[in-house]
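Read the numbers this way: they start at 1 and go in the same order the structure lists the ligands and their atoms.
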Amino acid sequence: MGKQTVSRLALLGGRPVFGKSHRWPQWPAATRADERRLLAVVRSGQWGIGCPAIREFAERFARSLRARYVLPVATGTAALDLAVKAIGIGPGDEVIVPAYTFVATATCVLQMEAVPVFADIDPLTFNISPASVARLVTRRTRAIIPVHFGGNPCDMAALGKIARGRGVTIIEDAAHAHGMVYRGRAAGAIGDVGCFSFQSSKNMASGEGGALVTNHRRLFDLVQCFHSFGRLPRRGWYDHAALAWNYRMTGLQAALLLGQLERLEAQTRRRLANGRFLDVALAQLPGLTPQRLGEDHPRTRRAWHLYMLRYDAAYVGVGRDLFVQALRAEGVPASCGYPRPLQENAMFRERRFWHRQFLGDGPRRRGEPDFAAMETPVAKAYCAQAIWLPQQCLLASRTEMRGIFNAFAKVVENAGALRDWAAKRPSESGP
Ligand SMILES: *Cc1c(COP(=O)(O)O)cnc(C)c1O
């Protein structure tokens, strides 16, 4: 093969592994039965309060988690907001959250004028690091919000040990963890309270949606009150016992979720099998390290909301962003994930909050949190090295998994050819 051909292949990638006509499994997707259920709700005229589908979903979801109480809500954000509010977190309190997460994990804390304290992540599991949490606990710590990132179970035993005896509550952000099991307990039902999201991309989807899970009766009473304008059971419709908003789920969302829940187990198993296949296959390639399961336990099972890798450019020869671009050219819907640790966003760095105690802009005043000082080097390094594949890829066939491996292998190889070509170029210039 002439060097001209090698460089052209390397630069252009040749024929993509997945051509233009290739379709990854559609997500979200609904069956005929889902359509019938949705239509039944539409025709019933009970689209919101009182819709039997909402209660039915809450009961079935609770049973699947083996949890006492489930409150269906409008979004995952609503579930987190309610959890923090019901626990009674307020000004001066601190809540420890991972630096590698979606913004809602931290904004629920700010909402109550409390301070999110950002913990670093583990370099292999990409989950909140218990060692980092232990260093950040103070007298003011009221809660920890572990996120089972990508559906990978956090080290709940270590976090529980830190929390126990200190009056620290554990709120699970289970937005990635539908179907995840940790030592025999379902995600969302391990900590004191769990929060799910059913936003379109999540492993159970209803457009928007969320659920709060708990085994504590008093907490459940509070979130019920707070999710519907501060109403109390058996009191008047226009009696408002507490400052609260409307976070209710509609019957249309619940109708869709009944089918999503029915299919979750089979889909989780398929993602597991395909995820394990990719783990073994991709680990053979230089510079690629798949997210590691936090704990290998007979009764622990990850859920895989994202298929995640660490990419080490030094072993491959091209930068991460270019590598991801090349994967996309091969028809693999890869992405780079979060550009920076959460606390490095302007919202935090410049304290752009409305609260009087954190006015932002200009020098930090006494008592204001110093987010710039919350350094999380592992999360920061991972932001520059992450590759994500969306969960619906893992619902595809084994042949398509081999295709994903082939695409990675091809880009690694092309990157090597490109590197060799670039290294030789000065001496080989000319016609
Ligand atoms: C999606 C997500 C949320 C928020 O859920 P919404 O339903 O979009 O409000 C919270 N935390 C994490 C980790 C998420 O990925």
Listing, residues 316-326 side-chain donor-acceptor contacts under 3.5 Å, not counting sequence neighbours, or none:
{"residue": "Arg320", "atom": "NH1", "partner": "Cys383", "partner atom": "O", "Å": "3.0"}
{"residue": "Arg320", "atom": "NH1", "partner": "Ala386", "partner atom": "O", "Å": "2.9"}
{"residue": "Arg320", "atom": "NH2", "partner": "Cys383", "partner atom": "O", "Å": "3.2"}

Residue pairs passing the salt bridge (Lys or Arg N to Asp or Glu O under 4.0 Å) test with at least one member in residues 203-229, sequence neighbours excluded, are Arg217-Asp221
Here the ring pair (Phe, Tyr, Trp, His ring centres under 6.0 Å) pairs for residues 219-238, sequence neighbours left out, are Tyr69-Phe220
Does Phe126 have its ring centroid less than 6.0 Å away from the ring centroid of Trp388? no
**OP:** Would you kindly check if the NZ (Lys) or CZ (Arg) of Arg271 is within the cone defined by 45 degrees around the ring axis of Trp27 and under 6.0 Å from the six-membered ring centre?
**Re:** yes
Those residues with a heavy-atom separation under 4.0 Å from ligand 1 are Thr75, Gly76, Thr77, Leu80, Thr101, Phe102, Ala104, Thr105, Val147, Asp173, Ala175, His176, Ser197, Gln199, Lys202, Gly209
Of Glu172, Arg302, His176, the one forming a side-chain hydrogen bond (donor to acceptor under 3.5 Å, both in side chains) with His148 is Glu172
